[in-house]
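Worksheet: the structure to be examined is printed underneath.
Proteins get letters first, then strands, A, B, ... in listed order; numbering begins at 1 in each.
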2 protein chains.
Amino acid sequence: MKLIAGEAPTRTEEIYRTAAELMVEKGYGGTSISDIAQAVGMTKAGLYHHFSGKQELLFQILNSAIDEGDRVVSKPARSIEDPEQRLRQLIRLQIQGQISLGLAFIVLFSERNHLEPAQQKKISGRMRKFHALIKQALRELAEQDRLRNLDVDIATMHIMNAMTGVARWKHQNFASDPEHLIQETIAYTMAALLKPAS
Amino acid sequence: MKLIAGEAPTRTEEIYRTAAELMVEKGYGGTSISDIAQAVGMTKAGLYHHFSGKQELLFQILNSAIDEGDRVVSKPARSIEDPEQRLRQLIRLQIQGQISLGLAFIVLFSERNHLEPAQQKKISGRMRKFHALIKQALRELAEQDRLRNLDVDIATMHIMNAMTGVARWKHQNFASDPEHLIQETIAYTMAALLKPAS
DNA sequence: TTGACAAGCTACCGATCGTTCGGTAACCTA
DNA sequence: TAGGTTACCGAACGATCGGTAGCTTGTCAA
């Protein structure tokens, strides 16, 4: 249990990455420790030097995914003043993160129910901050009378859903040009949210 | 293996329903036959009177979900002439079906990779028809110059994604008034798709 | 040169997995 | 009332599950 997450312990993070990919593909319950061991080229026993149990592994994966999300999505976006531009960048960075980095584990939030209640609360709490970032941008747009007449909570859900959905497509049928996918998703979302230009 | 699916063998369908709910909640791999048996109040052995294996159970669930989708969503919507109204009704019926009926298993399409390739193809083929229904409506809207300048395939994905997303929310934090949720989702989607009224 | 330690390994544990077996009570039909 | 079918049960199967104990390395500081 490391307290200082300053530099990157490469092997451990590689295990997280690989485990996350497997779990996105086959689910938490459908991914065995043996599967993970085989995928990283180790034995089961060897893996247990990097984490203390399967449940804790999921917890670590979720946490480091949120860490990375904070670093490459939330933090850069937060400094943008205009709420519309902030939202556009938020979507762009989130999708890019899921494609280029292994940030795709965001999909795994659907698996957070396999954690113990205390761990679930921590994860949900951290996620709510990301949620709040979107909701805040929507509120600012509403104040500036640039937002359509819509339910902010439901709209927030739809935005979150669109981003995680794009990650899910990647793992099945969709193989389009990433930049095109990003631009279309941003345009689609903005059209849904903003009042039409006068 | 029944060939005539005319009337409803109640108990078998109850097992499908229950199994689907468990799998939505815990994933295919995370749901054991024992779990299902306990949930329906039977022994594991007794269950095997109703299906021949876990994989085939998933296949049957997916198929009967699509059957029901055809019946209560696709077929009623298909008869609506105006593409916009058709799309609105499509979204409404789909969400209603997921809430009131156990049609929520749509979420399980993310688990179709646990099937054998031949079964996967059948399911994907049937799903493509639902997909095509949306895409067709978008194309008609484009012909009538009522659609924004957008990528029809990606937009179709986003619509599908919004509908299945609503089903996913139901199973975690969201407990809003269904009619409100439906109206907001339709409004959000239409704003994203249609050119603003002149 | 030594020794501490991280990072692996082989070998194994009890529990649970999906699945099959033989049997049985209740019902339908002739 | 005999024969067959439907719907289930208890018990067990081999395989795999998550996890552990103890041994062997490679690396590097003292």
Once ring-ring contact (aromatic ring centres under 6.0 Å, His included) is applied, what residue pairs with a partner in residues 66-95 of chain A remain, sequence neighbours excluded? none
Between [X] ([atom1]) and [N] ([atom2]), how many Å, whole number?
X	N	atom1	atom2	result
Glu56(A)	dG19(D)	CD	C1'	14 Å
Met42(A)	dG26(D)	CE	P	16 Å
His49(B)	dG10(D)	NE2	P	16 Å
Leu57(A)	dG19(D)	CG	C1'	14 Å
Glu13(B)	dA7(D)	CD	P	13 Å
Leu22(A)	dG18(D)	CG	P	12 Å

Any side-chain heavy atom of Glu84(B) within less than 4.5 Å of one from Arg88(B)?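 SC-SC contact between Glu84(B) and Arg88(B) confirmed.
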Under a 4.0 Å heavy-atom criterion, the protein footprint on nucleotides 13-20 of chain C, written with B, S and -, is ----SBBB
Anything under 30° is parallel, anything over 60° is perpendicular, the rest tilted; go ahead and classify His158(B) against Trp169(A).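 Rings of His158(B) and Trp169(A): perpendicular, as their planes differ by over 60°.
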Exercise answer: donor-acceptor pairs, residues 73-80 of chain A side-chain atoms, under 3.5 Å, sequence neighbours excluded:
from     : atom 1 : to       : atom 2 : distance (Å)
Ser79(A) : OG     : Pro76(A) : O      : 3.0

N or O in side chain of [X] less than 4.0 angstrom from [N] OP1/OP2:
X	N	value
Thr43(B)	dC8(D)	no
Arg11(B)	dC8(D)	yes
His50(B)	dC8(D)	yes

Face-on cation placement of Lys54(B) at Tyr28(B) ring, 6.0 Å and 45° thresholds: yes
Could you tell me the separation between the OG atom of Ser124(B) and the NE2 atom of His131(B), rounded to the nearest 0.5 Å? 11.0 Å
